[in-house]
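A short worksheet on the structure shown next.
Position 1 is the first residue of the sequence, and the numbers go up from there.
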Amino acid sequence: MKRIGMLTSGGDCQALNATMRGIAKGLYTIYGKDNVEIIGFEDGYRGMIYDDYRIMKPSDFSGILTVGGTMLGTSRTPFKYLDQPDENGLDKVASMVHTYRKLKLDALCVLGGNGSLKTANRLSEEGLNVIGLPKTIDNDTWGTDMTFGFHSAMEIATKAIDDIHTTAASHGRVFIVEVMGHKVGWLTLYSGIAGGADIILIPEIPYDMEKVISAIEERNRAGKRFSIIVVAEGAISKEDAALSKKELKKKQEKEKKGMVYPSVAYKLAAKIGERLGAEVRVTVPGHTQRGGAPCPYDRVLSTRLGAEAARLIEKGKFGVLVSVKNYEISNIPLSEVAGKLKYVNPKADIIREAKLVGISFGD
Ligand code: F6P
């Protein structure tokens, strides 16, 4: 009997269920339904730490290809606190290792983003057979060209920009759509291009407020009635980018405390309104970007990644992230992935191409 553990960790996204289905169906085909037992941990690593799990049945994996969220629940278990005992003095890593051994698991599949994959790598170093699967709407996981969730979130963010377009065309206004992504701008970049944004602001390209203003003015001069700015949650100005990490944190905390601006979009709106005397409106699709059914692309990607995880278990290849490399499903050691982020390269072709069609990055 093969005993395989599964968990979903960190912020949720679309296609978590589809990925678990891919793993389970792959395992049932490889070993036969009667020879596999899948153990699902509740709420991510929390379930492993506190021995909270359920034995899954083959029927649990039917009818979930199109269902958003995660049937196992998820939670964040920050890596930086992993080695700090919990409030009752429990050693979290030791507890997870104990649960794995107690359940006599042959492997553990972790569906997670960057922080969760650091923990996955840690468990692998502790001697557990771990396979990671790249989950996040941010598409910022190192070592894979694509993460599941990204395309679904892109569709939602793009739809928000499309909808703003029609109302923007009716009014002579500046519209700002804030897209998720604190550290990286993939989602903003792709949905911004797909939605025909005039200005795209991402964390990797600090913006100059004067350049943003002149891009709007240029559009006004050309007789355009409106401008659409798509900004990532984590976009920062050139001045802020010049601050040390500590100084920036202090400044952001101060702004948050005083509730001066709830987020970067409101800060931009205030500045643009002040400078141009323009009517500015802000739209924040927020967590809707992680909600709902996975798009067809993600269903296919998740099915492939999940099935490949089953194949890697059969081959006994562990300590890896199932990944996408040049449109093929591949894998990469978790040790190479852990602790790194895949940023947008400001010099990438896609940025040059976007600029060629007239999109301003405020730089
Ligand atoms: O990492 C996924 C993500 O949706 C980010 O894009 C976003 O910044 C963050 O999670 C939001 O986290 P939370 O759901 O904890 O508010």
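A distance of 12.0 Å separates CG in N129 from CG in L312, rounded to the nearest 0.5 Å. Expressed to the nearest 0.5 Å, how far CD1 of I329 lies from CZ of R311 amounts to 10.5 Å. Note that the NZ atom of K57 and the OG atom of S62 stand 11.0 Å from one another [nearest 0.5 Å]. Distance check, rounded to the nearest 0.5 Å: OG of S152 to CD of Q14 gives 4.5 Å.
Under the 4.5 Å side-chain heavy-atom criterion for grouping Ile, Leu, Val, Met, Phe, Trp and Tyr, I332 is connected to L123 within one hydrophobic cluster. Linking ILVMFWY side-chain heavy atoms closer than 4.5 Å, directly or via other members, places L189 and M146 in a single hydrophobic cluster. Cluster membership for I200 and V177, using ILVMFWY side-chain heavy atoms within less than 4.5 angstrom, is shared. Cluster annotation: L105 is not connected to I23 through the hydrophobic network of ILVMFWY side chains, with a link wherever side-chain heavy atoms come within less than 4.5 Å. A single hydrophobic cluster is seen to contain both F175 and F361, as judged by linkage of ILVMFWY side chains at heavy-atom distances under 4.5 Å, directly or through other members.
The salt bridge (charged side-chain N to carboxylate O under 4.0 Å, His left out) test with D51 is passed by exactly one of R46, R101, K102: K102. Across H287, K135, R290, a single residue satisfies side-chain hydrogen bond (donor to acceptor under 3.5 Å, both in side chains) together with D12, and that is R290. Exactly one residue among L82, T74, L7 makes a side-chain contact (heavy atoms from CB on, under 4.5 Å) with Y45. That residue is L7. Screening D140, V179, N139, I156 for a side-chain contact (heavy atoms from CB on, under 4.5 Å) involving L187 leaves a single residue, V179. Among I38, V36, I39, the single residue meeting the side-chain contact (heavy atoms from CB on, under 4.5 Å) criterion with R3 is I39.
Between L341 and K183, the closest side-chain pair of non-hydrogen atoms falls below 4.5 Å. At least one side-chain heavy atom of I359 sits under 4.5 Å from a side-chain heavy atom of I193. You'll find the side chain of V284 reaches within 4.5 Å of the side chain of Y266, heavy atoms only. Looking at heavy atoms from C-beta onward, T147 lies out of side-chain contact with I137 at the 4.5 angstrom threshold.
Residue K245 qualifies as open at atom NZ: its count of foreign heavy atoms under 6.0 Å is 12 or below. The environment of NZ in K249 is sparse: at most 12 heavy-atom neighbours from other residues, nucleotides or ligands sit within 6.0 Å. More than 12 heavy atoms of other residues, nucleotides or ligands sit less than 6.0 Å from atom CZ of F79. Surrounding NZ of K340 are more than 12 heavy atoms belonging to other residues, nucleotides or ligands, all under 6.0 Å away. Counted within 6.0 Å of NZ on K159, heavy atoms from surrounding residues, nucleotides or ligands total 12 or fewer; the atom is thus considered open. More than 12 non-hydrogen atoms from other residues, nucleotides or ligands lie less than 6.0 angstrom from NZ of K355.
The backbone N or O of V344 lies less than 3.5 Å from a partner atom in the side chain of E204, making a donor-acceptor pair. T99 contributes a side-chain N or O that, together with a main-chain N or O of M48, makes up a donor-acceptor pair within less than 3.5 Å. Proximity of a side-chain donor or acceptor of E126 to a complementary backbone N or O of V93 within less than 3.5 Å is not detected.
A salt bridge between K2 and E37 is absent, with no side-chain N of the basic residue lying under 4.0 Å from a carboxylate O of the acidic one.
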Given the rule in the salt bridge (Lys or Arg N to Asp or Glu O under 4.0 Å) test, do R122 and D83 qualify, once you have shown the distances and angles that lead to the verdict? CA-CA 11 Å; R122 176 68 193 281; D83 284 311; 2.9 Å; yes
Intermediate values then yes/no, salt bridge (Lys or Arg N to Asp or Glu O under 4.0 Å), K251 and D240: CA-CA 9 Å; K251 185 176 172 195; D240 283 356; 2.6 Å; yes
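Note on ring orientation: taking the six-membered ring where Trp is involved, the planes of F41 and Y53 are perpendicular (angle over 60°, cut-offs 30° and 60°).
Under a cutoff of 6.0 Å and an axis angle of 45°, R219 and F226 form a cation-pi pair.
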